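On a predicted model such as this, the values are computed, not experimentally measured, just so you know. Quick note: numbers below take in every heavy atom, side chains included, and nothing from hydrogens, waters or symmetry partners. So you know, we letter chains A, B, ... as the sequences are listed, proteins then strands, and number each from 1.
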Amino acid sequence: EDQVTQSPEALRLQEGESSSLNCSYTVSGLRGLFWYRQDPGKGPEFLFTLYSAGEEKEKERLKATLTKKESFLHITAPKPEDSATYLCAVQVSSGGSYIPTFGRGTSLIVHP
Amino acid sequence: DTGVSQDPRHKITKRGQNVTFRCDPISEHNRLYWYRQTLGQGPEFLTYFQNEAQLEKSRLLSDRFSAERPKGSFSTLEIQRTEQGDSAMYLCASSLGSRAGNQPQHFGDGTRLSIL
């Protein structure tokens, strides 16, 4: 069965303290790995898509990387406004359909 | 605002009642997805449409759940004979279609359903 596991479940950082979030996956027919940010009471907001091992994407303080079995979301010098839940998702091809599977997310709190 | 919109934002109903939610996708997107999300969990895929065709519905939670997208534009999700366990956030997302099926999805802010 296809699975997506995110760690840690929760992370508390001081402002400026860099860290990384992990997303490991065991899927076949991977069509892309996606990172989203979700604020309380809101829908997920798209951040990055990664398609193949070795690929990297950057946006402001965030950098996403991908290997054959996992992805990392690196947060450099975070600010309090980076506090949110970060979700990882994979899109898998299955019998002509495309099934998105999300992890449970990492809840990030950045203290000033 | 040209994002995905969902209506209503909140729905409170008694157990056993039927509820219907509406989703208006981004206009140029031909794929539309429905998810359920409970507290502390990631979104759980329910079904999706390519234009008006429902391409995957095996993940709908039970036969009480059904979805339509009659003209390939807006979509509705209906839950019949609601149960306590149906209380959750129901999210809609849309995306461009591609042969590789790997376009990012853009989400609405969801409908929060509470069953009394």
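Comparing B/Q37, B/E44, B/R112 by how many heavy-atom pairs each has under 4.5 Å with chain A, the most go to B/Q37.
Annotation: side chain of B/Y35 is in contact with side chain of A/P100 (closest heavy-atom distance under 4.5 Å). Using a 4.5 Å cut-off on side-chain heavy atoms (C-beta onward), A/Q91 and B/Q103 make no contact. Side chains of A/L47 and B/P104 form no contact here, defined as non-hydrogen atoms less than 4.5 Å apart.
A chain of hydrophobic side-chain contacts below 4.5 Å, direct or via other Ile, Leu, Val, Met, Phe, Trp or Tyr residues, connects A/F46 to B/L91. Under the 4.5 Å side-chain heavy-atom criterion for grouping Ile, Leu, Val, Met, Phe, Trp and Tyr, B/L60 is not connected to B/Y33 through any hydrophobic cluster.
Remark: B/I12 CD1 is loosely packed, at most 12 non-hydrogen atoms of other residues, nucleotides or ligands lying under 6.0 Å away. Other residues, nucleotides and ligands place more than 12 heavy atoms under 6.0 Å from the NZ atom of A/K57. A/R12 CZ: 12 or fewer foreign heavy atoms inside a 6.0 Å radius. No more than 12 heavy-atom neighbours from other residues, nucleotides or ligands sit within 6.0 angstrom of CZ on B/R15. Atom CG of B/L116 sits in a crowded spot, with more than 12 heavy atoms from other residues, nucleotides or ligands closer than 6.0 Å.
Residue A/F48: no heavy atom, backbone or side chain, is found under 4.5 Å from chain B.
Proximity of the aromatic rings of B/F45 and A/F102 is defined here by a centroid distance below 6.0 angstrom, and this criterion is not met.
Closest heavy-atom contact between B/D109 and A/G43: OD1-N, 3.0 Å. Between A/L87 and B/G42 the shortest heavy-atom distance is CD2-CA, 4.1 Å.
The closest donor-acceptor contact from the side chain of A/Y36 to the backbone of B/Q105 lies under 3.5 Å.
Rounding to the nearest 0.5 Å gives a distance of 8.0 Å between CD of A/Q38 and CZ of B/F107.
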